[in-house]
A.B. asks: 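The structure that follows is given in the form of structure tokens.
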Amino acid sequence: MIVPLDTPDERGIQEALEKIIASRSFHGSPRLQELLRYVVTETLSGRAGSVKAYSIAVDVFGRNPSFDPSTDTIVRVQAGRLRNALVNYYKGEGKNDRIRIEIPRGGYVPVFQSVRADDDTAPHDIDPVPQKPADPAVDEPTLRSKSTEHLAFSMPWARAAIDARRLLAAIAMALVLGTITYLFTLGPGKIRKNSSNDGQVASGGTPIEVNTVGILPFVILNAPRDEANPASMLTSEMTTALAKSELFKVKRIELAAQKGKSIDVAAQAGVRWLIEGTVSQMNSERRVGVALVDGATGATVWSHFYQSVDGNMTKMLTRHAIYDLRPELYIAAKKDIERRPLSQATPIELFLLSFGHPSVAENGLAWEKQRILLAERASIDQKSGLAHSVMAETLSYLANVDPPSDTPERREQATAHAHRAIELAPRSAETTFGVALHHFYSGRMEEAARFARRTLELDPHHFEARLLSTAVPYACRSAPTEVLGAITALDNMLSESNPSRWLTLAWLAHLNLNNGDYSKAVEAGRHAYEIFRDPLAFFTLAAALVQVGGTSEARSIIKGQQLYWPNLDPDRFADAAISRRCGFQPLRERLQGVYRQMADAVKS
């Protein structure tokens with residue numbers, strides 16, 4: 001039985017909120033985290049009367065000001081899920097919590113209680129929730145549909161109808177305030193040089209590292225077995241392409257070693273993840289299927305099917321499958337690392353935990369500070385160029401979006417970390433790309449382009465470097481049609497579920513705004529906003545919206561993001577960040593005017 005006591009104070013409620021958001025029950029549910037934080041923060045700020053379906057839809061879920069709760073049930077559906085998640089939390093890891101947050105049915109204003117738990121029974125039953133939300137675009141990122149015929153392959157993962165988009169709901173990071181404290185308490189020398197997945201060992205008893213990948217030979221199903229074996233070519237190309245990244249240790253598994261179940265194959269090969277592939281012929285077209293398999297469970301983590309382009313199988317694979325597969329590996333590996341104590345993480349694993357890729361990143365100032373702490377831990381115990389590149393990138397990024405972080409000392413630190421990163425790891429593609437981003441955020445566009453090109457020399461399949469090298473010369477210039485076309489072509493290389501599309505769409509919004517094509521900037525910016533949220537991108541969207549008369553939507557976006565970026569300052573962004581980005585470029589004055597109009601509009 002739960003016995004109510006006195007009403008808790010605000011500090012206790014805030015601590016209870018952070019504990020819930022950091023819990024396993026809410027891990028992988030960024031929308032529920034946002035909703036809970038919003039209703040609690042608004043209530044504690046004395047604005048409980050405004051916690052209505054309309055304000056939640058606009059501020060939390062990015063709905064337009066024309067939102068109608070009678071036809072769009074997104075708030076009701078998500079609120080039901082939030083109530084269920086809270087019930088599950090208090091039945092499990094939160095059963096001994098002395099402060100409880102509940103959202104009674106019939107409204108969205110939370111109730112706070114100090115309680116004494118006489119037993120482990122949760123106070124409410126689970127709230128029924130419709131199986132299919134009326135608008136899945138908010139629950140998962142809305143991505144365009146590309147027609148892909150699924151082939152009836154003989155492999156289990158190929159027979160199943162797998163929706164890779166379900167993985168995007170698991171992008172949230174589990175490291176929060178408790179982790180920050182823990183990082184400070186770790187002493188030097190606590191990071192092991194070799195860490196592994198605790199639940200998986202190789203056949204010889206050796207622990208298996210979380211970033212090991214085995215490539216199985218691609219299988220020909222019904223394609224002609226011509227002299228130039230396409231399956232063999234694909235297997236070789238996949239192995240070569242993935243091995244270019246130092247984040248993963250890649251092993252090609254020979255035919256004799258792949259007999260048996262996936263779990264046995266992975267254990268025998270000593271790898272955490274398996275990649276399987278098939279080649280088939282349908283009419284005059286060749287199709288390729290690629291799957292990522294969990295070596296510990298045998299479950300298919302991700303799969304996708306591709307159509308050959310002019311019969312050039314190798315080119316198709318390198319330009320499509322690798323771009324799709326890498327983010328899925330980041331997601332899978334990070335989730336595996338988060339299950340184990342942080343003290344066991346290697347420098348590579350710490351980098352994956354702090355990786356800024358939209359597949360595994362999190363929106364907010366707290367997340368960026370966590371990245372720095374993780375990188376500091378790696379750089380103290382190991383001479384890690386990757387760690388220094390994270391600090392260089394993050395410090396220079398925060399100088400643009402968090403005014404207190406924009407100091408000469410922080411900028412000098414960022415530059416020093418960039419130099420140290422290249423000294424330690426001159427042939428590391430990810431290190432080099434982190435330094436490229438540092439130069440971009442610091443307004444040194446020529447250097448950013450140079451380091452992006454160097455990244456491509458080290459890793460020709462580095463999608464983000466290819467995009468940056470194409471777009472960054474026009475960061476503060478009008479973009480020619482052929483440049484916009486090239487970025488659109490890069491976007492078309494990605495599958496529907498690939499979170500890297502946030503990058504292409506954000507750049508299209510940025511460059512269209514530079515060109516004065518505000519309607520196209522809004523279209524791309526809205527789509528990017530649905531995939532991932534970042535101040536550089538949502539400031540661009542808000543600025544374009546004001547130019548086309550969407551001031552209310554722009555104001556809602558900025559207001560909603562202040563929960564995650566408490567020092568958000570549109571005026572400062574227009575004056576400092578745009579000035580840093582543009583230098584003495586002719587477009588600087590016009591762009592600053594556009595962003596200043598946005599700053600004035602969202603304040604009024």
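Keep in mind the model is a prediction, meaning the values are calculated, not measured.
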A.B. asks: Within 45 degrees of the axis of the six-membered ring of Tyr330 and under 6.0 Å from its centre: does Arg326 put its NZ or CZ there?
C.D. replies: no

A.B. asks: What is the distance from atom CD1 of Ile578 to atom CZ of Arg588, rounded to the nearest 0.5 Å?
C.D. replies: 10.0 Å

A.B. asks: Any side-chain heavy-atom pair from Leu508 and Lys520 closer than 4.5 angstrom?
C.D. replies: no

A.B. asks: Determine, using ring centers only, whether Phe440 and Trp507 are less than 6.0 Å apart.
C.D. replies: yes

A.B. asks: Could you report the tightest heavy-atom contact between Tyr323 and His461, atom names first, then the distance?
C.D. replies: CE2-O, 3.3 Å

A.B. asks: Check whether any side-chain N or O of Asn514 sits under 3.5 Å from a backbone N or O of Arg477 as a donor-acceptor pair, and report yes or no.
C.D. replies: yes

A.B. asks: Please examine the side chains of Leu395 and Arg411, heavy atoms only from C-beta on, and report whether any two atoms are closer than 4.5 Å.
C.D. replies: no

A.B. asks: For Leu247, does its backbone N or O pair with a side-chain atom of Ser245 as donor and acceptor, under 3.5 Å?
C.D. replies: yes

A.B. asks: Where the side chain of Ser579 meets the backbone of Ala576, is there a donor-acceptor pair that is under 3.5 Å apart?
C.D. replies: no

A.B. asks: Quick one, Tyr397 and Asp534 - any side-chain contact, counting heavy atoms below 4.5 Å?
C.D. replies: yes

A.B. asks: Is it the case that atom CZ in Arg427 sees more than 12 heavy atoms from other parts of the structure closer than 6.0 Å?
C.D. replies: no

A.B. asks: Does atom CD of Glu523 have more than 12 heavy-atom neighbours from other groups under 6.0 Å away?
C.D. replies: no

A.B. asks: Look at the side chain of Asn515 and the backbone N and O of Ala479, then say whether any donor-acceptor pair between them is shorter than 3.5 Å.
C.D. replies: yes

A.B. asks: Check the side chains of His439 and Ser396 for a donor-acceptor pair under 3.5 angstrom, ignoring hydrogens and angles.
C.D. replies: no

A.B. asks: When you measure from the side chain of Arg533 to the backbone N and O of Tyr529, does any donor-acceptor pair fall under 3.5 Å?
C.D. replies: yes

A.B. asks: Taking side chain as C-beta onward, heavy atoms only, is Pro535 less than 4.5 Å from Gln561?
C.D. replies: no

A.B. asks: Taking NZ, NE, NH1 and NH2 as the nitrogens, is one of them in Glu457 or Arg454 under 4.0 Å from a carboxylate oxygen of the other?
C.D. replies: yes

A.B. asks: Determine, step by step, whether His438 and Glu447 satisfy the side-chain hydrogen bond (donor to acceptor under 3.5 Å, both in side chains) criterion, reporting the C-alpha distance in whole Å, the side-chain angles of both residues, the deciding distance to 0.1 Å, and the verdict.
C.D. replies: CA-CA 9 Å; His438 156 71; Glu447 288 294 283; over 6 Å; no

A.B. asks: How close do Ile558 and Pro570 get, counting heavy atoms only, and between which atoms?
C.D. replies: CG2-CG, 4.3 Å

A.B. asks: CD1/Ile275 to CG/Leu325 distance, rounded to the nearest 0.5 angstrom?
C.D. replies: 4.5 Å

A.B. asks: Tell me whether the count of non-hydrogen atoms from other residues, nucleotides or ligands lying under 6.0 Å of CD in Glu446 goes above 12.
C.D. replies: no

A.B. asks: Does His320 use its side chain to pair, donor to acceptor, with the backbone of Met493 at less than 3.5 Å?
C.D. replies: yes

A.B. asks: As an exercise, state the distance from CG of Leu541 to CE of Met598, rounded to the nearest 0.5 Å.
C.D. replies: 10.0 Å

A.B. asks: So, the side chain of Ser469 versus the backbone of Arg466: is there a donor-acceptor pair under 3.5 Å, distance only?
C.D. replies: yes

A.B. asks: Quick check, are the ring centers of Tyr595 and Phe539 under 6.0 angstrom apart?
C.D. replies: no

A.B. asks: In plain terms, say whether Arg580 and Asp406 are close enough for a salt bridge, that is, a side-chain N and a carboxylate O under 4.0 Å apart.
C.D. replies: yes

A.B. asks: Using a 3.5 Å distance criterion without hydrogens, assess whether the side chain of Ser55 forms a donor-acceptor pair with backbone atoms of Ser50.
C.D. replies: yes

A.B. asks: Are any side-chain N or O atoms of Asp459 and backbone N or O atoms of Ala429, one a donor and one an acceptor, separated by less than 3.5 Å?
C.D. replies: no

A.B. asks: Could you state the interatomic distance from SG (Cys476) to CE (Met445), rounded to the nearest 0.5 Å?
C.D. replies: 7.5 Å

A.B. asks: Should Phe351 and Leu374 count as side-chain neighbours, where that means a heavy-atom distance under 4.5 Å?
C.D. replies: no

A.B. asks: Got a donor-acceptor contact below 3.5 angstrom from the Thr73 side chain to the Arg76 backbone?
C.D. replies: no

A.B. asks: Does the side chain of His417 pick up a donor-acceptor pair with the side chain of Glu393 at under 3.5 Å?
C.D. replies: no

A.B. asks: Taking the side chain as every heavy atom from C-beta outward, state whether Phe433 and Glu464 have any pair of such atoms under 4.5 Å apart.
C.D. replies: yes

